[in-house]
**Student:** 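Sharing a structure below in C-alpha cells format, with a few things to ask.
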Amino acid sequence: MTLTPEPDELVLTTATARYAVVVGPGLHATLPERLTRLGLHGTLWLISDREVFPHHGPNLEAALSHAGFLVRTYLVPSGEASKSQGPLWQIYAWMIGSHVERGDVVLALGGGVVGDLAGFAAATILRGIAVVQLPTTLLAMVDAALGGKTGINHPLGKNLIGAFHQPRLVLADTQTLRTLPPRELRAGWAEVIKHGVIRDASLFETLEAHAAEFAAPERLQDPSPDYHQRLGDVIRQAAAVKVAVVSDDEREQGLRVILNYGHTLGHALETASGYGALLHGEAVAIGMHAAARMAAEMKLLAWDNVERQRRLLEAYGLPTAFPPGCDPDQILSLTLHDKKVLHQRIRWILPTAIGQVTVRDDVPDEVVRAVLTSP
Ligand SMILES: NC(=O)c1ccc[n+]([C@@H]2O[C@H](COP(=O)([O-])OP(=O)(O)OC[C@H]3O[C@@H](n4cnc5c(N)ncnc54)[C@H](O)[C@@H]3O)[C@@H](O)[C@H]2O)c1
C-alpha cells in the first residue's frame, strides 16, 4: 500500500515496515477511519492501564464500536511492575481464551509500559499480529511508541526479554497529556530536549523560546487551539528525530545508539538510587548534564553550550545535579553494566554542539570521576 503523508504525519520506514506517525490534538476520533484505510478489520484487543483507561478509553471504545469494530478491553495495573511475565501471561490467556485470530489488532493505549507490554504480546501471540500504538505520555509520544522495540522486564534486569515488532500506526493524541501527572510530563520534556541536543538545533531553539508556556503543566488545560497546535508541532518535531534515527538504523547497529545520550549515567543513577526514587527522565536529565560536562572536559564542547543545555533542562523543571549521597565508585561500576558497553569499554554519547553528538569509547575514568565528584 502506498502511504502519502498528510501535513501532520511523519513516515517511519525500516527494512521491514513503513508506517505513519501522527501527532496532534484530538486524533483519537480519527482512529476508526485510519484502521479502515490500513485494511485492519479484525477484532481490536485494547490493552491499557487502570490510570489511563478511565480518562481516555471510554471515548475511544465508543468511537470504534460506533464505526462497527468489535473491541475487547484488558487493563493492567499502572506502573513498571506490569511489564513482567505475570501480566503478559494473563493477556495471553485472555486473548487465547477469547479466540484471537491472525487478522486481529492490538491497540496499546498508555505510556511506555503499556506500549512495551502490549507490543510484546502482539509480537508473540500467534507468532505476531498487528499492533497500533496510542501513546499517552510525552515520553512515549517522542520515544517509546516509535521504532518497534517491545518487551518486558526479567527479575535479573530491565527490558531483557523482547522483540522488534513495528506497529502499523502510531497515533499520538496530544490532548491525552491534559491528564498526565505534572512530574511525568516534566520527565517527558527531558527526552524532547535530548532529541534537540543530539540532532536538531532548531528544536532546541524552539524549546528555549517557548519554555514558559511548554514547561507549565497548567497550560495544557488552556482551550486555545493555537496553543495546542504549537504543542503538537513541537512534539512532532521531537518525534521526527526518533523517526529519522530509527529509519536509518532499526536494530541499533549504528546511529540508533545516539538516542541513549544521557542514559549511561542516567541508568546507573536510577539503579543506585533505587528504582522509583528518580523518574527515568529526571535521571536522564542529570546524565545529560554530566555527559555535556565530560564533553567539555575533553574539549569537544564549548562550556557555553554546557550552560545552555543546563538552563534549558532547569527551565523545564528538571534536575541536573547528582542527588546528595551518591557514591561515585558505585555509579562508575554500574555504568560498566550498561548495554552500550562493547568489549568492556563504555561508549559515551557526547555532544560536540547543540544538535550534534559523537560516540567515544576513550573517555578516561578520571574525567568521569571528576564530573561525578564536582557539583
Ligand atoms: N520501547 C522503547 O523504545 C522504549 C523507549 C523508552 C522507554 N521505554 C519504556 O517506557 C517505560 C516508561 O514509559 P512512561 O514514562 O510512559 O511510563 P508509564 O507508562 O509507566 O506511564 C507513567 C505513569 O503515567 C500514567 N499515565 C500515562 N498516561 C497518562 C495520561 N495521559 N493521563 C494520566 N495518567 C497517565 C501511567 O498510568 C503511569 O502511572 C519504561 O518501561 C521504559 O523501559 C521503552
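Just follow the structure's listing: the first ligand is 1, and inside any ligand the first atom is 1.
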**Student:** Run down the list K242, K158, E51 and name the one with the heavy atom closest to atom 42 (C) of ligand 1.
**Tutor:**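 Looking at heavy atoms only, K158 sits closest to atom 42 (C) of ligand 1.
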**Student:** Which is closest to atom 4 (C) of ligand 1 by heavy-atom distance: A144, S82, G151?
**Tutor:**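 Residue with the shortest heavy-atom distance to the ligand atom: A144.
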**Student:** Looking at atom 28 (N) of ligand 1, what's its closest protein heavy atom, distance included?
**Tutor:**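 Ranking protein heavy atoms by distance from atom 28 (N) of ligand 1, first comes T136 OG1, 2.8 Å.
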**Student:** What part of E184, side chain, backbone, both or neither, has a heavy atom within less than 4.0 angstrom of ligand 1?
**Tutor:**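 Only the side chain of E184 comes within reach of ligand 1.
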**Student:** Nearest heavy atom to atom 21 (O) of ligand 1 wins, so pick from N159, V284, L259, T137.
**Tutor:**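 Selected option, by shortest heavy-atom distance: T137.
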**Student:** Do the rings of Y92 and W89 sit parallel, tilted or perpendicular, given the 30° and 60° boundaries?
**Tutor:**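 It falls in the perpendicular class, over 60°.
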**Student:** Considering only protein heavy atoms, which is closest to atom 15 (O) of ligand 1, and at what distance to one decimal place?
**Tutor:**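 The closest one turns out to be L139 CD2, 3.8 Å.
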**Student:** Taking the six-membered ring for Trp, are W189 and Y316 parallel (under 30°), tilted (30 to 60°) or perpendicular (over 60°)?
**Tutor:**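 Rings of W189 and Y316: tilted, 30 to 60°.
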**Student:** Specify side chain, backbone, both or neither for R178, according to which of its non-hydrogen atoms lie closer than 4.0 Å to ligand 1.
**Tutor:**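 For R178, no heavy atom sits under 4.0 Å from ligand 1.
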**Student:** In the protein, which heavy atom is nearest to atom 17 (O) of ligand 1, and how far is it?
**Tutor:**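 Checked against all protein heavy atoms, atom 17 (O) of ligand 1 sits closest to G112 N, 4.1 Å.
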**Student:** Identify, for atom 36 (C) of ligand 1, the protein heavy atom at the shortest distance, and state residue, atom and that distance.
**Tutor:**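 Going atom by atom, the protein heavy atom closest to atom 36 (C) of ligand 1 ends up being D49 OD2, 3.4 Å.
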**Student:** Taking side chain as C-beta onward, heavy atoms only, is L169 less than 4.5 Å from L31?
**Tutor:**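 They are in side-chain contact.
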**Student:** Nearest protein heavy-atom contact for atom 26 (N) of ligand 1: which residue, which atom, what distance?
**Tutor:**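 Minimum-distance protein heavy atom for atom 26 (N) of ligand 1 reads V52 CG2, 3.6 Å.
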**Student:** Which protein heavy atom lies closest to atom 41 (O) of ligand 1, and at what distance to 0.1 Å?
**Tutor:**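 I find the closest protein heavy atom is E80 OE1, 2.7 Å.
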**Student:** Identify all side-chain donor-acceptor contacts of residues 129-136 below 3.5 Å with residues at least two apart in sequence or on another chain.
**Tutor:**
from: Q133; atom 1: NE2; to: G115; atom 2: O; distance (Å): 3.3
from: T136; atom 1: OG1; to: G110; atom 2: O; distance (Å): 3.4

**Student:** Quick one, T36 and P32 - any side-chain contact, counting heavy atoms below 4.5 Å?
**Tutor:**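 They are not in side-chain contact.
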**Student:** With sequence neighbours left out, which residue pairs that include part of residues 103-122 fulfil the side chain to side chain donor-acceptor pair (under 3.5 Å) condition?
**Tutor:**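 Residue pairs with at least one partner in residues 103-122: W45-D104, K83-D116.
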**Student:** Check K83 against ligand 1 and report side chain, backbone, both or neither, counting heavy atoms closer than 4.0 Å.
**Tutor:**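 The side chain, only.
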**Student:** Relative to atom 44 (C) of ligand 1, which among D116, V113, L177 owns the nearest non-hydrogen atom?
**Tutor:**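 Ranked by closest heavy atom to atom 44 (C) of ligand 1, first place is D116.
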